[in-house]
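Positions are given from 1 along the sequence. All ligand and atom numbering here is 1-based and tracks the order in the structure.
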Amino acid sequence: MALLPILQYPDPKLYTVAAPVTAVDEDIRRLIKDMADTMYAAPGVGLAATQVNDHRRVIVIDLSESHDHLQVFINPEIVARSGVATCEEGCLSVPGIFEKVARAERITVRALDGRGESFTLEAEGLLAVCVQHEIDHLEGKVFVDYLSRLKQQRILARLKKQKRQIL
Ligand code: GNR
Ligand code: NI
């Protein structure tokens, strides 16, 4: 089992745009396994490869409490979206900060699974929020980027203070 370090906002590496996966091979499956281990240990309900400084288009999500419903999305694409819903979001790269973000309420996402097979999934609720949050990471976007400049400044100050208290 390998736990990968998670980049912390405002690390500029979080702003990297990830590249499509060209082959779902052993190397990608190793990455998926390490990302899942890292997500469960954190603990979190989702993780994008960007957050572990690997800039390939891979996402893992598990909304179950039992940690046995891993969903893998490789090269995910949102092919339909409708409605607007607001959810209080957090992020493993922005620890201890929770803010409301408005996103599409329902989405249809197309991706490859861990075996390289294409699938299409309709999502709503927390799954829809997570998929959009994780795809944003692959695009080099963090949920904090949707907030006002004032809120962003307050978050940066709070994170600096948290860091001082750890050191
Ligand atoms: O663990 C996570 N919880 C969460 C809660 C509300 C909205 C989005 C998320 S994703 C987050 C894990 C994470 O940072 N993924 O990128
Ligand atoms: Ni996140």
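For ligand 1, the atoms lying closer than 4.0 Å to a non-hydrogen atom of Gly44 are 1 (O). Less than 4.0 angstrom separates some heavy atom of Glu89 from each of these atoms of ligand 1: 6 (C), 7 (C). Interface atoms of ligand 1 facing Glu88, defined by a heavy-atom separation under 4.0 Å, are 6 (C). The ligand atoms of ligand 1 that sit less than 4.0 angstrom from a heavy atom of Cys91 are 14 (O).
Distances from the Ni ion (ligand 2) under 2.8 Å pick out these protein N/O/S atoms: Cys91 SG, His133 NE2, His137 NE2.
For the pair Leu127/Ile61, a side-chain contact is recorded, criterion being any heavy-atom separation below 4.5 Å from C-beta on. Put simply, the side chain of Leu150 reaches to within 4.5 Å of the side chain of Arg154, judged on heavy atoms. Under the 4.5 Å side-chain criterion, counting only non-hydrogen atoms from C-beta, Arg149 is not in contact with Leu147.
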Go through the steps for Asp136 and Tyr146 under the test side chain to side chain contact (heavy atoms under 4.5 Å, CB included), then give the verdict.
-> CA-CA 11 Å; Asp136 272 356; Tyr146 291 109; 2.7 Å; yes
Please report the C-alpha distance between Ile155 and Glu99 in whole Å, then the side-chain angles of each, then the deciding distance to 0.1 Å, and finally whether the side chain to side chain contact (heavy atoms under 4.5 Å, CB included) criterion is met.
-> CA-CA 10 Å; Ile155 288 167; Glu99 297 284 351; 4.2 Å; yes
Take Val24 and Arg29, measure what side chain to side chain contact (heavy atoms under 4.5 Å, CB included) needs, and give me the verdict at the end.
-> CA-CA 7 Å; Val24 180; Arg29 276 188 285 270; 4.0 Å; yes
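Applying the 6.0 Å contact sphere to CD of Glu88 captures more than 12 heavy atoms from other residues, nucleotides or ligands. More than 12 non-hydrogen atoms from other residues, nucleotides or ligands lie less than 6.0 angstrom from CZ of Arg56.
Rounded to the nearest 0.5 angstrom, Phe73 CZ and Leu112 CG are separated by 11.5 Å. In this structure, CD on Glu139 lies 11.5 Å from OG1 on Thr16, to the nearest 0.5 angstrom.
Atom 11 (C) of ligand 1 has its nearest heavy-atom neighbour, among Gly90, Ala48, Cys87, Ala42, in Gly90.
For atom 14 (O) of ligand 1, the nearest non-hydrogen atom of the protein is Leu92 N, 2.8 Å. Summary of contacts: the protein heavy atom closest to atom 13 (C) of ligand 1 is Gly46 O, 3.4 Å.
Ligand 1 has no nitrogen or oxygen under 3.5 angstrom from a nitrogen or oxygen of Leu126. Below 3.5 Å of separation, one finds an N or O of Glu134 facing an N or O of ligand 1. For Val45, a nitrogen or oxygen atom sits less than 3.5 Å from a nitrogen or oxygen atom of ligand 1, counting backbone and side chain alike. Where the criterion is an N or O separation shorter than 3.5 Å, residue side chain and backbone included, Gln51 meets it with respect to ligand 1. Polar contact check, His137 against ligand 1: a nitrogen or oxygen pair lies under 3.5 Å apart.
With a 4.0 Å heavy-atom cut-off, ligand 1 is reached by the side chain of His133 but not by its N, CA, C or O.
No salt bridge links Arg57 with Glu134; every basic N to acidic carboxylate O contact stays at or beyond 4.0 Å.
No hydrogens or angles considered: nothing links the side chains of Tyr9 and Asp145 as a donor-acceptor pair under 3.5 Å.
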